[in-house]
Amino acid sequence: MGDLFPDLGPEAPVISGVAHDRTEALCTVRGVKNEPGMAAKVFTQLALAGVNVDMIVQAGASTGTAEISFTVPENTVKKVDSVLTAKQQELGYASYDINSEVGKVAVVGVGMKTHSGLAAKFFEALSEKGINVLMISTSEIRIAALVPLDQLDDAVRALHTAYGLDASQVEAVVYGGTGR
């Protein structure tokens, strides 16, 4: 069968598209106690208010505190602000800020686990355009980054070019079988 159906290797194409979202906001809660259950308390309060959270990063400090950064839909910023202000004493954090001048860009595709260098290409493409990455999120089918909103369009173009998605001619390889 190998002569009739050559081994195509891992799934191809690997990167099939670039997606972006202009409706994100970045929230960072600072001075949270770095102990079990604190993130749960923060995100429970947001969930009770009906806020959906997307990307999350927590960084601990040697001082026993942590910073928790997360993204939310921009249309929920007032809810987030209200919850964090009302629950500051209960949650015990030092401060927070919300930045609505951010956007998310992502590459999507199958086979990302079986191909090396995809993340390197992603961040190299952004770096070459002077785009600073504020937050990173990955899964088996995507690499996403939060970037300054005024650089989002440049990020989308850079990633299209890096992964060969802005070609003027599309090539397709079709393999047929017997259908049995």
Side-chain angles (χ1 to χ4, degrees), residues 8-32 34 39 42-43 46 51-62 65-81 84 93 95-173:
L8 301 178
E11 305 98 348
V14 177
I15 301 299
S16 57
V18 177
H20 69 284
D21 185 352
R22 297 179 186 285
T23 63
E24 297 275 318
L26 172 63
C27 180
T28 301
V29 181
R30 294 183 171 78
V32 178
N34 195 8
V42 170
F43 294 116
L46 293 170
V51 175
N52 292 326
V53 175
D54 183 18
M55 303 168 82
I56 302 170
V57 172
Q58 179 174 323
S62 60
T65 63
E67 285 190 359
I68 302 174
S69 294
F70 52 92
T71 62
V72 297
E74 189 177 27
N75 64 359
T76 63
V77 164
K78 287 182 182 179
K79 283 184 188 178
V80 172
D81 186 50
L84 292 177
Y93 64 85
S95 66
Y96 74 93
D97 61 73
I98 300 173
N99 179 0
S100 294
E101 294 299 313
V102 298
K104 182 170 57 176
V105 63
V107 294
V108 295
V110 296
M112 295 178 95
K113 280 178 50 173
T114 58
H115 289 78
S116 62
L118 297 175
K121 184 178 283 194
F122 183 98
F123 296 111
E124 185 176 304
L126 296 180
S127 173
E128 286 175 357
K129 297 296 181 184
I131 299 169
N132 189 35
V133 174
L134 306 171
M135 189 179 279
I136 302 164
S137 175
T138 63
S139 74
E140 292 180 348
I141 62 165
R142 101 185 143 106
I143 302 169
L146 200 67
V147 300
L149 188 58
D150 63 351
Q151 295 181 314
L152 184 61
D153 291 337
D154 291 337
V156 170
R157 283 190 288 275
L159 293 171
H160 266 107
T161 300
Y163 291 103
L165 298 173
D166 56 359
S168 60
Q169 188 174 17
V170 177
E171 294 183 23
V173 178

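Numbers here simply count residues along the sequence, with the first being 1.
Contact record, Ser100 with Leu149: O-CD2, 4.3 Å, taken as the closest heavy-atom pair. In plain terms, the two heavy atoms of Gly60 and Asn34 that are nearest each other are CA-ND2, 3.7 Å. In this structure, Leu126 and Ala145 approach most closely via the heavy-atom pair CD1-CB, 4.4 Å. Smallest separation of non-hydrogen atoms from Ser69 and Met135: CB-CE, 3.4 Å. Nearest heavy atom pair, residue Ile143 against residue Phe122, reads O-CE1, 3.5 Å. Taking both residues in full, the closest heavy atoms of Ala155 and Val147 are given as CB-CG2, 4.5 Å, listed atom of the first, atom of the second, then distance.
Side chains of Pro73 and Thr23 form no contact here, defined as non-hydrogen atoms less than 4.5 Å apart. Taking the side chain as every heavy atom from C-beta outward, Leu46 and Val80 approach each other to under 4.5 Å. Side-chain contact between Ile141 and Val108: absent, with no pair of heavy atoms (C-beta onward) separated by less than 4.5 Å. Residues Val102 and Pro148 have side chains not in contact (no heavy-atom distance under 4.5 Å, counting atoms from C-beta outward). By the 4.5 Å heavy-atom criterion applied to side chains, Thr71 and Cys27 are not counted as neighbours. Using a 4.5 Å heavy-atom cutoff, the side chains of Leu146 and Val133 are not in contact. Between Val32 and Glu67 the shortest side-chain heavy-atom distance does not fall below 4.5 Å. Using a 4.5 Å heavy-atom threshold, the side chains of Leu159 and Val105 count as touching.
Note: Ser137 OG to Ile56 CD1 = 9.0 Å, rounded to the nearest 0.5 Å. Going from atom OG1 of Thr161 over to atom CD of Glu128 covers 10.5 Å, rounded to the nearest 0.5 Å. For the atom pair CD1 (Ile131) and CZ (Arg157), the distance works out to 9.0 Å, reported to the nearest 0.5 Å. A distance of 13.5 Å separates NZ of Lys104 from CG of Leu134, quoted to the nearest 0.5 Å.
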Would Thr76 and Asn52 satisfy side chain to side chain contact (heavy atoms under 4.5 Å, CB included), going step by step from the backbone distance to the final call?
CA-CA 8 Å; Thr76 63; Asn52 292 326; over 6 Å; no
Step-by-step side chain to side chain contact (heavy atoms under 4.5 Å, CB included) determination, Thr28 to Arg30
CA-CA 6 Å; Thr28 301; Arg30 294 183 171 78; 3.7 Å; yes
Stepwise side chain to side chain contact (heavy atoms under 4.5 Å, CB included) check, Val72 with Glu24:
CA-CA 6 Å; Val72 297; Glu24 297 275 318; over 6 Å; no
Start with the C-alpha distance between Asp150 and Glu101, add both sets of side-chain angles, then the distance that settles side chain to side chain contact (heavy atoms under 4.5 Å, CB included), and finish with yes or no.
CA-CA 8 Å; Asp150 63 351; Glu101 294 299 313; over 6 Å; no
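Here Asp81 does not pair with Lys78 in a salt bridge; the nearest charged N to carboxylate O distance is not below 4.0 Å. A salt bridge between Lys129 and Asp153 is absent, with no side-chain N of the basic residue lying under 4.0 Å from a carboxylate O of the acidic one.
Under the 6.0 Å cut-off for aromatic ring centres, Phe70 and Phe43 qualify, their centroids lying closer than that.
Within the 3.5 Å criterion, the main-chain N or O of Arg142 finds a donor-acceptor partner in the side chain of Ser139. A donor-acceptor pair under 3.5 Å links the side-chain atoms of Gln151 to the main chain of Gly130, judged by distance alone. When atom types are taken as modelled, the side chain of Tyr93 and the backbone of Ile68 share no donor-acceptor pair closer than 3.5 angstrom.
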